[in-house]
Every structure is written in C-alpha cells, then in structure tokens.
Amino acid sequence: MENKVNNDARITSILKATHLDTALTGIPTFYLSELQITTLPEVELPQNRRLGHLVERIVSELINASENYTILHENLQIIDDKHTIGELDFIIQHKQTTAITHLELAYKFYLYDPTLSSKTIECWIGPNRRDALHEKLQKLQQKQFPLLYHEVTQSKLPNISVENVTQKLCVLTYLFVPYNQKIQFSEEYQKVIKGYYVDFHTFIQLHDEENVYYLPTKKEWGIDPAEHTIWLDYKATQTEIKLQLQHKHTPLCWKRHQNSYEQFFVTWW
C-alpha cells in the first residue's frame, strides 16, 4: 500500500537531514541551516520523479525562498563538441556579500560493511551494493568540482570570474550500521547514523507482537517515521520483505512499537 508523499513532511525532512561534514568528505560543507527561511515554500512535488530529483527540486525551492541567497544557475549542463561532459548542480549568490558559490548536492543512504576495508570511509555502501561513499566523494573531487574550471564552463559563465567562486558540498546522509555490533565510530559519523540493518532471519527474531511496520517507497526515504499514519501488520510486512529480497532488493523498513519508532534495512546479502 502506497500513500501519497506528504509534501510538508518531505520538505521538513530535507531541512532536518544531517550533513556529512568536511572532516569526512574533505570538501567544504554548505549547510542548509545557512538559508534564512521564514516560511516553508509551497512545493508541488511531481509523483513521477526519482528521489534525487525530488531533493534537488526541494533544495532549489528552499534557496529561492531564502532571504539571503539567490540561484544564478541550476543544473548547468556542460557540453563540449555535442558531448555532455558534466553538469553543475547550483551556482548561487549571497545577496548581501555577493559572494558566489558552486554547490553540489547529494542525498545518500549507506550501510556499513566492515568486511570491505580496514578504512572506515571505504566500508559505506549503498543498500543494494551498487555504489559506495568513497567512490561518490572521489567523483566529486576529481570530476564534479574541477568541471567549474573547464574552458567550456567558463564560456557558459561569462559574467562570473570562476577563480573567485567558492565550491561547497551539501551531502545529506543517512548511515546504517550492522545490528547489535559494537563498532566504535568517530563523533562525525555517530551523528549521521540513523538506524541499523539486519538479515531476514534477524528481522523475524526481533519481531514483537506490538510492532507494526511500513515499507516506505524510495521517495519517502528520509522522512521521519513518526509522520506516518498507515501501518502494516507483521504478516503483510514479512511477505513483502521476502518478495523484495527474492529480487535482490534491500527494503527500508519503519517500525512503530507503542510510541517509539525505528528505521532499518533488511538486506539480501
């Protein structure tokens, strides 16, 4: 059962999302809290857009609604000899200081797999193991941010001195760790950890008769489970999880136990 994504809850979830700090990314951070917003913008969220595009749309509206920033360029495609070599997410300007910032945005969910590496940064992978945090950061550092200085980009920004543009990253992140494993993380990681992950057998073991569940659609990931009103019983949830695991898809699950809420992934791997 899918309910329509609550726009206010979706927008609020973006504003409240935790940022991955410069200490972990190696890239200066732009915090959404820097936006001076007095009233949440009214955003009609298209139901057919992917999560990443929804977040981009919301952040765009938040910047436009702010009193201190304006967008000069958005989703600026860089095309060299009919070949698209990249895209810049945002070029924004501070209204008071006129300082210009190239802002890259990401909205990511990663699970910690300690078997991957002895380096913590290399152990964060996507729920279906198709992407990794360190690879994302490498792409940003080696491709996305240098793109600003490409001669084609400069020709697209004739009124901007790119050498004076600051580059910042806004990576809104949700980290999940193995259930019941005692792993010591730095404070920078601890504040971004939002839940845990289990295999199907452990999910069954952890069930309590007072639990109710919901499997959010991808577009609902990151919303506070407490905002949700439609819940499923254990049997229906178990059936749906089993089906998703058979297709090698790792579902996110929200759990309500009396008045407390948890979120976790159930992995097929």
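We number each residue from 1, following the sequence as shown. Computed from a predicted model, the values in this text were never measured in an experiment.
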Taking all heavy atoms of [X] and all of [Y], pick out the closest pair and write down the distance.
| X | Y | value |
| --- | --- | --- |
| T237 | D233 | OG1-O, 2.8 Å |
| E44 | R57 | O-NH1, 3.3 Å |
| N68 | E34 | ND2-O, 2.9 Å |
| N128 | T250 | OD1-N, 2.8 Å |
| T173 | V192 | O-CG1, 3.1 Å |
| L15 | L40 | CD1-CD2, 3.4 Å |

Within the 4.5 Å heavy-atom criterion, are [X] and [Y] side-chain neighbours or not?
| X | Y | answer |
| --- | --- | --- |
| L148 | V165 | yes |
| N211 | H257 | yes |
| Q258 | E210 | yes |
| I71 | F90 | yes |
| C170 | L103 | yes |

### Query
K108 and D131: salt bridge (charged side-chain N to carboxylate O under 4.0 Å, His left out), yes or no, with the steps?
CA-CA 10 Å; K108 290 293 183 179; D131 61 326; 3.7 Å; yes
Going by atom types only, do [X] and [Y] share a side-chain donor-acceptor pair under 3.5 Å?
| X | Y | result |
| --- | --- | --- |
| H102 | E104 | yes |
| E220 | T217 | yes |
| E42 | N7 | no |
| R10 | S13 | yes |
| E74 | S60 | yes |
| T101 | T166 | no |

Please say whether more than 12 non-hydrogen atoms of neighbouring residues, nucleotides or ligands are located less than 6.0 Å from [atom1] in [X].
| X | atom1 | result |
| --- | --- | --- |
| Q96 | CD | yes |
| Q181 | CD | yes |
| E187 | CD | no |
| K95 | NZ | yes |
| Q184 | CD | no |

### Task
Go through F200 and W269 one step at a time and tell me if the ring pair (Phe, Tyr, Trp, His ring centres under 6.0 Å) criterion holds.
CA-CA 10 Å; F200 187 62; W269 41 269; over 10 Å; no
### Query
Under the criterion ring pair (Phe, Tyr, Trp, His ring centres under 6.0 Å), which of F109, Y107, Y174 is the partner of W221?
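Single ring pair (Phe, Tyr, Trp, His ring centres under 6.0 Å) partner of W221 among F109, Y107, Y174: F109.
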### Task
Let me know which of F176, F264, F203, F265 forms a ring pair (Phe, Tyr, Trp, His ring centres under 6.0 Å) with Y196.
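So the option named by the test is F264.
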### Query
In Å and rounded to the nearest 0.5 Å, what is the CD to OH distance from Q263 to Y213?
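The CD atom of Q263 sits 15.0 Å away from the OH atom of Y213.
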### Query
Distance from H134 atom NE2 to Q141 atom CD, nearest 0.5 Å?
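Rounded to the nearest 0.5 Å, the NE2-CD separation comes to 11.5 Å.
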### Task
May I have the step-by-step check of side chain to side chain contact (heavy atoms under 4.5 Å, CB included) for T22 and I27, ending in yes or no?
CA-CA 5 Å; T22 304; I27 304 168; 5.8 Å; no
Joint hydrophobic cluster, [X] plus [Y], side-chain heavy atoms closer than 4.5 Å:
| X | Y | result |
| --- | --- | --- |
| V59 | L35 | yes |
| I204 | L206 | yes |
| W268 | L215 | yes |

### Query
In terms of side-chain geometry, is the basic nitrogen of K191 or D21 positioned less than 4.0 Å from the acidic oxygen of its partner?
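Salt bridge: yes.
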### Query
So Y214 and W231, would you call those rings parallel, tilted or perpendicular, with 30° and 60° as cut-offs?
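The arrangement is perpendicular - the two ring planes meet at more than 60°.
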